[in-house]
Amino acid sequence: MDMMADLPVAVIGAGPVGLAAAAHLVERGIRPLILELGESVGAALLEWGHVRVFSPWKYNIDAAARALLDRSGWTAPDSQGLPTGGEIVRDYLAPLGRLPAIAANLKLGAEVTAITRQGHDKVANEGRKQAPFVIRYRDARGEHRAHARAVIDASGTWWRPNPIGVDGLPVPGEGEARGRIAYGIPDVVGKVRSSYAGKRVLVIGGGHSAINVALALMELQDAAPGTEIFWALRHASVERLLGGGLNDQLPERGALGLAAKQAMADGRLNMLAPFAVNRIEVQGEGLVIDASLAGKPFNLAVDRIIVTTGFRPDLSFLSEIRIALDPAVEAPPALAPLIDPNFHSCGTVPAHGIRELAHPEQIGRAHV
Ligand SMILES: Cc1cc2nc3c(=O)[nH]c(=O)nc-3n(C[C@H](O)[C@H](O)[C@H](O)COP(=O)(O)OP(=O)(O)OC[C@H]3O[C@@H](n4cnc5c(N)ncnc54)[C@H](O)[C@@H]3O)c2cc1C
């Protein structure tokens, strides 16, 4: 009897990738065990539910997920349409999560805190291949253990935003100022409008999230003219970001760059580059930022900061299993050169799969 074969494959996270992986398992007759820390599938996408993505529906729907959904009488969205994060959850992930084969194996509000191999610490070799994975997770009822024959970590990066420091560390005062700092893409023209209308807002970051925020703040400025927008970049040039324009592989992304370029030319954005924050001080209702601008000391008083400096994976629950990571990119070594941001933007990453994503933990069959 193969003991491992009776166990599910654990999937950590019920975002687009975790649910697609679960659909592929179901298609192969393998039971998934999907553990999601949020109270809904697509919990991370709901955090930026108001933002429209660059990739049309045809790129967002996985083939195995579509096959399962089609059999349930689902109506697929227009393949060329560009959904918001909220629409991806409403029109795709939520129906997928409700399918019996997924729903019966999905635990919401379940945060994975550690993974190990049964009876083996990280160093122990003997019998390791045959030892099931043990997944520890906690939910409202307490701590639990589940066994699995393999693990697919699809936990994303959303809950671990990068801090403000250009050296990758929080700057002094960043923790104390947290109540006035947002990480990610807050809904400045919607849910949290009152926190930004008529305020002096500093946006930090040089990616598409930063453009998104800057353009949304300009929309807010149209309605609340007192709103002032400062946009800080660590590098002097934004050409790489804005340059794609109409030649961008994803036209919506190119259009975002062009709109930002126009706003800069119109002087609606106070550009600060190259800019590095040294320290933040809370003063009354506002923040005083001690920074350097083009290598010279620079002070700026603002009401709010929006940080869009990217995200990192949470590796803490993987410390007791054998993983291999590129020292710089923190991705599996075969994947790292394909996604290294020194050479790639998201439009130039080639397709990849199990060969690039697998870690060194091996799985063997136990016959008893
Ligand atoms: C504003 C914005 C726009 C984007 N636009 C695009 C786009 O146009 N095209 C594109 O391809 N990509 C886009 N992305 C990237 C997008 O986030 C990813 O493509 C997609 O969300 C990745 O899905 P995922 O399942 O890997 O991660 P996520 O969507 O982050 O899902 C991970 C899930 O794991 C859960 N989780 C995390 N830790 C644990 C834990 N310890 N235990 C249990 N569960 C856990 C999370 O709650 C979450 O639900 C965009 C991202 C942002 C922020």
Side-chain angles (χ1 to χ4, degrees), residues 10-23 33-62 65 81-89 92-94 96-97 106-115 135-139 143-144 146 151-162 182-188 205 207-213 215-216 248-256 306-319 331 335 339 345-349 351-352 357:
V11 177
I12 306 171
V17 173
L19 287 182
L33 169 63
I34 312 153
L35 300 161
E36 164 57 52
L37 76 78
E39 293 301 332
S40 155
V41 298
L45 273 74
L46 292 177
E47 292 286 309
W48 50 272
H50 57 288
V51 181
R52 205 161 284 288
V53 300
F54 312 124
S55 30
W57 272 115
K58 64 176 174 180
Y59 296 128
N60 301 326
I61 298 173
D62 171 75
L82 294 166
T84 61
E87 287 163 355
I88 294 178
V89 177
Y92 169 49
L93 299 182
L96 186 57
L106 171 64
K107 291 188 190 299
L108 296 173
E111 180 185 5
V112 172
T113 54
I115 307 174
I135 292 101
R136 290 216 185 164
Y137 66 96
R138 62 173 162 238
D139 61 16
E143 300 272 352
H144 309 273
V151 179
I152 298 174
D153 177 2
S155 60
T157 55
W158 178 260
W159 307 112
R160 291 276 313 274
N162 286 332
Y183 298 83
I185 308 187
D187 188 3
V188 297
H208 290 95
S209 295
I211 302 187
N212 235 311
V213 169
L215 295 180
D248 197 300
Q249 285 174 328
L250 294 173
E252 276 308 303
R253 194 174 53 193
L256 212 53
I306 299 175
V307 186
T308 57
T309 50
F311 300 86
R312 299 269 178 96
D314 179 3
L315 303 173
S316 62
F317 56 81
L318 303 174
S319 64
L335 178 67
I339 63 169
S345 73
C346 41
T348 64
V349 174
H352 48 269
L357 294 169

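Counting convention: from 1, in listed order, for ligands and their atoms alike. The basis for the numbers below is simple: all heavy atoms, side chains too, and nothing from hydrogens, waters or symmetry mates.
Within ligand 1, the atoms closer than 4.0 Å to a non-hydrogen atom of Gly156 are 27 (O), 30 (O), 32 (C), numbered from 1 in the order shown. Interface atoms of ligand 1 facing Ala110, defined by a heavy-atom separation under 4.0 Å, are 42 (N), 43 (C). Ligand-side atoms of ligand 1 in range of Phe54: 7 (C), 8 (O), range being under 4.0 angstrom from any heavy atom. Close contacts between ligand 1 and Ser55 involve ligand atoms 7 (C), 8 (O), 9 (N), 10 (C), 11 (O) [criterion: under 4.0 Å to a heavy atom]. Listed by number with element, the atoms of ligand 1 under 4.0 Å from a non-hydrogen atom of Ile185 are 1 (C). Per-residue contacts place Glu111 under 4.0 angstrom from the following atoms of ligand 1 (heavy atoms of the residue considered): 41 (N), 42 (N).
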### Message
Please evaluate residues Val53 and Ile88 with respect to the criterion side chain to side chain contact (heavy atoms under 4.5 Å, CB included), reporting the C-alpha separation (whole Å), side-chain torsions for both, the decisive distance (0.1 Å), and the verdict.
### Response
CA-CA 9 Å; Val53 300; Ile88 294 178; 4.0 Å; yes
### Query
Between Ile61 and Tyr92, is a side chain to side chain contact (heavy atoms under 4.5 Å, CB included) present by the stated rule, with each step listed?
CA-CA 8 Å; Ile61 298 173; Tyr92 169 49; 3.8 Å; yes
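When heavy-atom distances to ligand 1 are checked against a 4.0 Å cut-off, Val41 has no atom that comes that close, whether in backbone or side chain. Contacts of Leu45 with ligand 1, taken as heavy-atom pairs under 4.0 Å, involve the side chain alone. Only the backbone of Leu35 comes within 4.0 Å of ligand 1, counting heavy atoms alone; no side-chain atom from C-beta on gets that close. With a 4.0 Å cut-off on non-hydrogen atoms, Trp159 touches ligand 1 through its side chain and not its backbone.
With rounding to the nearest 0.5 Å, the separation of CG in Leu215 from NE2 in His208 is 11.0 Å. Glu143 contributes atom CD, which lies 9.5 Å from atom CD of Glu111 (distance to the nearest 0.5 angstrom). Atoms CG and CG, on Leu93 and Leu19 in that order, are 5.5 Å from each other to the nearest 0.5 Å.
Not one N or O of Ile12 is nearer than 3.5 Å to an N or O of ligand 1, by distance alone. The shortest N or O to N or O distance between Glu36 and ligand 1 is under 3.5 Å. Between Val51 and ligand 1, no pair of N/O atoms sits closer than 3.5 Å. At under 3.5 Å, not a single nitrogen or oxygen of Gly38, backbone or side chain, sits near a nitrogen or oxygen of ligand 1. Considering backbone and side-chain atoms together, Thr157 places no N or O closer than 3.5 Å to any N or O of ligand 1.
Closest heavy-atom approach to atom 32 (C) of ligand 1 within the set Ala154, Gly13, Ser209: this belongs to Ala154. Of the listed residues (Gly15, Gly184, Pro16), the one carrying the non-hydrogen atom nearest atom 23 (O) of ligand 1 is Pro16. Between Leu93, Val53, Leu82, Ile135, it is Val53 that holds the heavy atom closest to atom 6 (C) of ligand 1. With atom 17 (O) of ligand 1 as the reference point, the heavy atom nearest to it among Trp48, Phe317, Trp158 is part of Trp48.
Every ring-ring contact (aromatic ring centres under 6.0 Å, His included) that His144 has, sequence neighbours left out, goes to Tyr137. Remark: Asp314 pairs with Arg160 by the salt bridge (charged side-chain N to carboxylate O under 4.0 Å, His left out) rule, at least two apart or across chains.
Between Asp139 and Gly109, the closest heavy-atom pair is CB-O, 3.1 Å. The two residues Ile152 and Ala21 come nearest to each other via the heavy atoms CD1-CB, 4.0 Å. Here the shortest heavy-atom pairing between Ala44 and Trp158 reads CB-CB, 3.6 Å.
Here the side chain of Arg52 pairs a donor or acceptor atom with the backbone of Leu82 at under 3.5 angstrom. Side-chain atoms of Thr84 do not come within 3.5 Å of backbone N or O of His50 as any donor-acceptor pair.
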